[in-house]
Amino acid sequence: MKSKSAKYSTVYNHLFQTYGRDGYVRLSFFVQFINRLAKFFVLPVAVSLIITNLSDGNYDGAFTSVGLFIFGSLAIGILAPAVKYISLLGENILIPS
């Protein structure tokens, strides 16, 4: 009997070989990866920088950190719908009418 990770590996290899061949689907994976980086790394780092700078009385640094937070939030706001649109374009090509 296959282990749980071997089963997942088989499924994801099949998906990558079928749907993953399309450029739109690969692009949506890449854009989703960038979106997750912004969500799980950029925003928490920006919040911690804001808190650290404010506690030190460094208001210029806090202002810069707020700009980083706004940039990360905008990136998430733009990339989240873009991922869905790009993957939808790829699925429409792959699934015959």
Heavy-atom distance under 4.5 Å between the side chains of [X] and [Y], does that happen here?
X: Asn53; Y: Thr64; result: no
X: Val42; Y: Leu37; result: no
X: Ser87; Y: Val25; result: no

If you compare all heavy atoms of [X] against all heavy atoms of [Y], which two are closest, and at what distance to 0.1 Å?
X: Pro81; Y: Ile76; result: CD-O, 4.4 Å
X: Val83; Y: Gln32; result: CG1-OE1, 3.3 Å
X: Ser48; Y: Thr52; result: O-OG1, 2.7 Å
X: Ala62; Y: Leu54; result: CB-CD2, 3.8 Å
X: Ile86; Y: Tyr24; result: CG2-O, 3.2 Å

query: Counting only N and O atoms by type, is there a donor-acceptor contact under 3.5 Å from the side chain of Asn13 to the main-chain atoms of Ser9?
result: yes

- prompt: So does Phe40 have more than 12 non-hydrogen atoms from other groups sitting under 6.0 Å from CZ?
  reply: yes

Approximate separation, where rounding is to 0.5 Å, of [X] [atom1] and [Y] [atom2]:
X: Asn58; Y: Phe63; atom1: CG; atom2: CZ; value: 12.5 Å
X: Asn35; Y: Phe30; atom1: CG; atom2: CZ; value: 12.0 Å
X: Ile50; Y: Ser55; atom1: CD1; atom2: OG; value: 12.0 Å
X: Ile70; Y: Ser65; atom1: CD1; atom2: OG; value: 11.0 Å

Linking I/L/V/M/F/W/Y whenever any side-chain heavy atoms sit under 4.5 Å apart, do [X] and [Y] land together?
X: Ile34; Y: Leu27; value: yes
X: Leu74; Y: Phe71; value: no
X: Leu43; Y: Ile51; value: yes

